[in-house]
Amino acid sequence: QSLNEHIELLARAENTMKYLACPLTGGGVAIDRFAQLFLLAMKNGLRKPEQWAKFAWDQLCRTRQKLVIDGKTLETDEENLAELQKRAEDFERDRLAILRIDGMAK
């Protein structure tokens with residue numbers, strides 16, 4: 001858990017770690033930066049995908065980063081938040097239950 005928390009904190013500023021440790025298997029699980037930020041948001045008491053998206057966007061804004069989709073930078077806050085909202089909803093629907101089973105999310 002300590003290692004994963006450190007990796008999630010790194011995700012606030014950079015996109016270098018592509019895996020988290022899985023306590024159940026002792027191996028690694030591929031997980032992108034935004035999913036790491038969503039997990040960090042949850043650890044900070046945020047419960048809804050729209051809150052996770054806002055949290056992730058706040059982290060990107062701090063480092064003056066924007067999302068890039070198909071080689072195109074999303075320029076506005078609205079575009080970035082909409083994309084993060086979509087990703088947060090996908091994360092909740094497709095990944096969160098599995099991460100909870102693996103002991104990586106609560």
Side-chain angles (χ1 to χ4, degrees):
Q1 286 180 341
S2 266
L3 174 61
N4 286 344
E5 287 175 16
H6 180 72
I7 292 169
E8 291 160 2
L9 289 172
L10 289 175
R12 293 180 306 174
E14 56 191 48
N15 187 25
T16 56
M17 301 299 288
K18 308 283 188 214
Y19 296 88
L20 291 179
C22 177
L24 185 66
T25 65
V29 173
I31 186 163
D32 69 28
R33 178 186 187 188
F34 300 107
Q36 292 173 26
L37 289 172
F38 301 152
L39 288 170
L40 187 57
M42 292 171 62
K43 288 177 182 171
N44 281 288
L46 304 176
R47 299 286 171 238
K48 298 179 182 180
E50 55 270 11
Q51 294 172 315
W52 308 338
K54 175 74 168 85
F55 177 87
W57 179 233
D58 289 344
Q59 303 312 306
L60 291 175
C61 286
R62 285 182 175 173
T63 55
R64 299 174 196 225
Q65 298 176 29
K66 295 179 180 176
L67 279 81
V68 177
I69 307 295
D70 297 326
K72 178 186 179 279
T73 301
L74 303 182
E75 294 297 338
T76 68
D77 291 348
E78 293 79 15
E79 290 174 317
N80 282 277
L81 276 169
E83 179 62 26
L84 287 167
Q85 174 75 30
K86 178 186 171 302
R87 291 181 188 206
E89 291 168 357
D90 291 348
F91 171 78
E92 180 183 46
R93 183 187 64 243
D94 300 333
R95 299 283 318 262
L96 187 54
I98 294 166
L99 293 173
R100 283 184 171 140
I101 290 169
D102 287 342
M104 299 170 64
K106 293 184 181 198

Checklist entry - With a 4.5 Å heavy-atom cut-off, do Leu60 and Arg33 have their side chains touching? => result yes
Checklist entry - With Arg87, which residues qualify under side-chain hydrogen bond (donor to acceptor under 3.5 Å, both in side chains), at least two apart? => result Glu83
Item to check | Rounded distance [0.5 Å steps], CE in Met17 versus CG in Leu3 | outcome: 6.5 Å
Next on the checklist: Can you give me the closest heavy-atom contact between Leu39 and Ala105, atom names plus distance?
Outcome noted: CD2-CB, 3.6 Å
Checklist entry - Looking at Ala88 and Pro49, what are the two nearest heavy atoms and their distance? => result CB-O, 3.4 Å
Item to check | Non-hydrogen atoms of Ala41 and Trp52 that approach each other most closely | outcome: CB-CD1, 3.8 Å
Item to check | Greater than 12 external heavy atoms within 6.0 Å of Glu50's CD | outcome: yes
Checklist entry - CG of Asp58 to CZ of Arg12: how many Å apart, nearest 0.5 Å? => result 12.0 Å
Checklist entry - With Asp90, which residues qualify under side-chain hydrogen bond (donor to acceptor under 3.5 Å, both in side chains), at least two apart? => result Lys86, Arg93
Item to check | Counterpart residues, salt bridge (Lys or Arg N to Asp or Glu O under 4.0 Å), relative to Glu75 (two or more places apart) | outcome: Lys66
Next on the checklist: Could you check whether atom NZ of Lys54 has more than 12 heavy atoms from other residues, nucleotides or ligands sitting under 6.0 Å from it?
Outcome noted: no
Checklist outcome for this item: side-chain hydrogen bond (donor to acceptor under 3.5 Å, both in side chains) filter on Thr63, not counting sequence neighbours, yields Gln65
Checklist entry - With sequence neighbours excluded, what pairs up with Glu14 under the side chain to side chain contact (heavy atoms under 4.5 Å, CB included) test? => result Leu10, Thr16
Checklist entry - Is there a path of hydrophobic side-chain contacts, each under 4.5 Å between heavy atoms of I, L, V, M, F, W or Y residues, that connects Ile7 with Leu24? => result no
Checklist entry - Roughly how far, to the nearest 0.5 Å, is CG of Leu81 from CH2 of Trp57? => result 7.0 Å
Next on the checklist: Is it true that Glu89 and Gln85 share a donor-acceptor pair across their side chains at a distance under 3.5 Å?
Outcome noted: yes
Checklist entry - Can you check whether Met42's main-chain N or O pairs, donor with acceptor, with Arg47's side chain at less than 3.5 Å? => result yes
Checklist entry - Hey, does Leu96 have a side-chain heavy atom less than 4.5 Å from the side chain of Arg100? => result yes
Next on the checklist: Using the rule that Ile, Leu, Val, Met, Phe, Trp and Tyr join whenever any side-chain heavy atoms are under 4.5 Å apart, tell me whether Tyr19 and Leu37 fall into a single cluster.
Outcome noted: no
Checklist outcome for this item: The reported gap from CG in Leu84 to CZ in Phe55 (rounded to nearest 0.5 angstrom) is 12.0 Å
Checklist entry - Any side-chain heavy-atom pair from Phe91 and Leu99 closer than 4.5 angstrom? => result yes
Checklist entry - Backbone N or O of Ala11 within a donor-acceptor pair of the Asn15 side chain at under 3.5 Å? => result no
Next on the checklist: Looking at Lys106, I want to see if its NZ is surrounded by more than 12 non-hydrogen atoms of other residues, nucleotides or ligands under 6.0 Å.
Outcome noted: no
Item to check | Sequence-distant partners of Ile98, side chain to side chain contact (heavy atoms under 4.5 Å, CB included), two or more places apart | outcome: Asp102
